[in-house]
Number of protein chains: 2
Amino acid sequence: MPPKDKLEKLKAFYTQLFPITEESWEVTRRVLTVRSYRKGDFLVREGDVCNYVSFINNGLIRVYYLVDGKEKIVRFSNEINYVSDYESFLTRRPALTFVQAMEDTEVVDISYPDLQMLYQKVPEANVLGRMIAEQLFIFMCNSNRAGIKESISERYTNLIAQQPWLLQRVPQYMIASYMGITPEALSRVRSRIQKKDAVLVN
Amino acid sequence: MPPKDKLEKLKAFYTQLFPITEESWEVTRRVLTVRSYRKGDFLVREGDVCNYVSFINNGLIRVYYLVDGKEKIVRFSNEINYVSDYESFLTRRPALTFVQAMEDTEVVDISYPDLQMLYQKVPEANVLGRMIAEQLFIFMCNSNRAGIKESISERYTNLIAQQPWLLQRVPQYMIASYMGITPEALSRVRSRIQKKDAVLVN
DNA sequence: ATCCGTTATTGATCAGGGTTAAGATTTCAG
DNA sequence: CTGAAATCTTAACCCTGATCAATAACGGAT
């Protein structure tokens with residue numbers, strides 16, 4: 001069982017979503033594992049069946065597809081968030097993504113069998129599992145909509161407005177990949193934005 | 001309370017996901033409503049807060065964004081599936097989509113407050129709610145991946161392989177919209193595919 | 001059968017992002 | 001501080017799908 005101080009963030013995350021009784025929490029604690037990754041380590045590789053859902057205590061992780069030798073990033077997850085190839089985790093089929101630490105990262109994770117056990121033994125687990133799936137769904141709706149309704153320069157400005165830490169912690173060519181364009185295209189977009197800003201200032 | 005025969009498909013859908021006790025089902029039945037839409041009717045309009053999740057007994061429904069006066073279809077749902085602006089439903093914020101019947105359609109729906117009541121009173125409801133959110137998530141992963149990994153002609157051939165009924169029930173310009181391209185572009189893709197097929201036959 | 005509105009096809013041109021290549025800038029280990 | 005690797009920028013050209021426009025095919029109503 002992991003030490004209490006490593007679980008504080010996770011417990012706060014939970015209780016903010018749904019009140020959990022002390023007994024339920026004690027049952028849950030027993031199946032949690034603290035794990036550390038170094039920058040560059042893989043949590044999941046394409047072809048693995050993803051066996052864990054990981055709550056990030058600190059650090060930064062990216063999820064990407066490899067298409068014709070090129071990385072197509074689909075998600076960045078940082079501290080106080082979950083990360084997983086949740087699709088592979090749920091379906092028990094080989095992952096089609098890579099999940100990689102971009103910084104030294106500490107996570108608290110739970111295995112698939114342990115989570116199924118919790119779903120049976122701890123009633124609140126189902127509520128939490130439902131809410132987490134719902135939040136994932138809402139997040140995906142948002143990023144889908146960004147792809148459909150926004151121009152590339154709008155997407156970029158919105159992205160850095162919503163997740164300003166990306167600019168500090170993620171190289172631009174990965175932000176480009178996340179936006180579905182090449183680094184060159186993003187560079188052009190940025191210079192256009194800068195020129196427009198300059199005009200507005202004058 | 002709706003007549004039993006209108007709920008058979010829904011009950012079969014549920015029990016296949018998770019066994020539900022007769023008592024729980026009786027509680028659930030009481031809050032279900034059968035509703036009919038004519039071709040062209042809207043279940044949700046942009047700006048409405050979506051108040052229902054609807055299970056489709058029969059018919060066909062599309063969900064789309066309106067961008068610069070143009071419809072961008074994001075989902076087709078047919079019988080034995082759910083439809084809703086689930087994002088608006090969950091967040092209780094105005095919908096950003098339109099949800100419209102493409103054929104005369106009969107649904108069984110549940111309102112937001114009734115579903116919250118079920119989540120509190122009927123333990124299985126949380127399991128079902130979790131599983132439905134998980135399935136939605138998996139579905140979105142799949143369509144995201146199609147957009148990322150597949151060429152347009154691959155997407156088209158996969159689409160009609162996976163959902164052949166689309167071809168019969170949906171005009172091509174809407175399939176194009178669903179694929180994120182113009183009707184003209186889809187028409188050209190189709191003619192290219194046909195030529196290739198012809199070559200293979202000879 | 002005919003008409004009209006809808007849907008599908010085809011062609012010409014255009015625009016935006018991809019590709020390639022070169023150079024500039026930043027980062028960081030030694 | 002220095003040099004190498006990684007990252008970012010800029011420019012030229014290319015290619016795919018968008019746009020615009022005209023025509024053809026289809027489908028339902030009379």
Side-chain angles (χ1 to χ4, degrees), chain A residues 38-40 60 62 64-73 76 100-104 146-160 165-198, chain B residues 38-40 60 62 64-73 76 100-104 146-160 165-198:
Chain A
R38 307 292 295 277
K39 177 175 178 169
L60 178 57
R62 66 177 179 143
Y64 66 91
Y65 289 101
L66 200 57
V67 185
D68 304 328
K70 285 168 194 160
E71 301 173 351
K72 308 271 190 171
I73 297 173
F76 296 106
Q100 184 185 35
M102 296 179 58
E103 303 172 355
D104 293 353
I148 290 171
K149 301 191 82 162
E150 295 167 10
S151 73
I152 293 210
S153 63
E154 281 173 330
R155 283 187 63 186
Y156 181 71
T157 47
N158 289 339
L159 194 63
I160 60 177
W165 53 269
L166 278 179
L167 273 184
Q168 317 305 322
R169 297 167 75 179
V170 176
Q172 247 147 62
Y173 73 93
M174 288 196 187
I175 294 181
S177 167
Y178 182 62
M179 292 174 63
I181 60 176
T182 57
E184 294 89 336
L186 179 55
S187 182
R188 283 189 277 247
V189 167
R190 281 165 46 85
S191 76
R192 249 184 289 143
I193 291 173
Q194 224 162 16
K195 269 174 207 146
K196 206 186 298 170
D197 286 354
Chain B
R38 307 292 295 278
K39 177 176 178 168
L60 177 58
R62 67 175 179 145
Y64 64 91
Y65 290 101
L66 201 56
V67 186
D68 302 330
K70 285 169 196 160
E71 301 173 350
K72 307 269 189 173
I73 298 174
F76 297 107
Q100 185 185 34
M102 296 179 59
E103 303 172 356
D104 292 355
I148 290 172
K149 300 191 85 164
E150 295 167 12
S151 74
I152 291 208
S153 64
E154 281 174 329
R155 283 187 64 186
Y156 181 71
T157 48
N158 289 339
L159 194 64
I160 61 177
W165 54 269
L166 278 179
L167 272 185
Q168 316 305 322
R169 298 167 74 180
V170 176
Q172 246 147 64
Y173 74 92
M174 287 195 188
I175 293 181
S177 167
Y178 181 61
M179 293 175 62
I181 59 177
T182 58
E184 294 92 330
L186 179 56
S187 180
R188 281 187 265 258
V189 167
R190 280 165 46 84
S191 75
R192 250 183 289 145
I193 290 173
Q194 225 162 15
K195 270 175 209 148
K196 208 187 296 173
D197 287 353

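Here is how names work: the chains are called A, B, and so on, in the same order as the sequence lines, proteins then strands, and each is numbered from 1. Note that the coordinates shown come from a computational prediction; the quantities given were computed from them, not determined experimentally.
For the pair A/D68 CG and C/dG18 P, the interatomic distance rounds to 14 Å; values are reported in whole Å. Atoms CD1 (B/I181) and P (C/dA15) sit 21 Å apart, rounded to a whole Å. Protein atom CG of A/L167 is 16 Å distant from nucleotide atom P of D/dT7, rounded to whole Å. The separation between A/I193 atom CD1 and D/dT9 atom C1' is 15 Å, rounded to whole Å. In this structure, CD of A/E154 is placed 15 Å from C1' of C/dG16, rounded to the nearest angstrom.
Contact annotation: the side chain of B/M174 approaches that of B/F76 to within less than 4.5 Å [non-hydrogen atoms, C-beta and beyond]. Using a 4.5 Å cut-off on side-chain heavy atoms (C-beta onward), A/Y178 and A/L159 make contact. A heavy-atom distance below 4.5 Å is not found between the side chains of B/Y65 and B/E71. Side-chain contact between B/K39 and B/M102 is absent, with no heavy-atom pair separated by less than 4.5 Å. B/W165 places a side-chain heavy atom less than 4.5 Å from the side chain of B/L60.
Between A/I160 and the choices A/L167, A/L166, A/I175, the side-chain contact (heavy atoms from CB on, under 4.5 Å) rule is met once, by A/L167.
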Between protein and nucleotides 5-10 of chain C, what N or O pairs are separated by less than 3.5 Å?
residue, atom, partner, partner atom, Å
C/dT7, OP2, B/Y173, OH, 3.2
C/dA8, OP1, B/Q172, N, 2.8
C/dA8, OP2, B/Q172, N, 3.2
C/dA8, OP2, B/Y173, N, 3.0
C/dT9, OP1, B/R190, NH2, 3.4
C/dT9, OP2, B/Q172, OE1, 3.0
C/dT9, OP2, B/S187, OG, 3.2
C/dT9, O5', B/S187, OG, 3.2

Pairwise N/O distances under 3.5 Å, protein to nucleotides 27-30 of chain D:
none

Under the criterion salt bridge (charged side-chain N to carboxylate O under 4.0 Å, His left out), I'd like the reasoning laid out for A/K149 against A/E154: C-alpha separation, chi angles, the key distance, then a yes or no. CA-CA 9 Å; A/K149 301 191 82 162; A/E154 281 173 330; over 6 Å; no
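For A/K70, no side-chain nitrogen or oxygen approaches OP1 or OP2 of C/dG18 to under 4.0 Å.
For the atom pair CG (A/N158) and CD (A/E150), the distance works out to 4.5 Å, reported to the nearest 0.5 Å.
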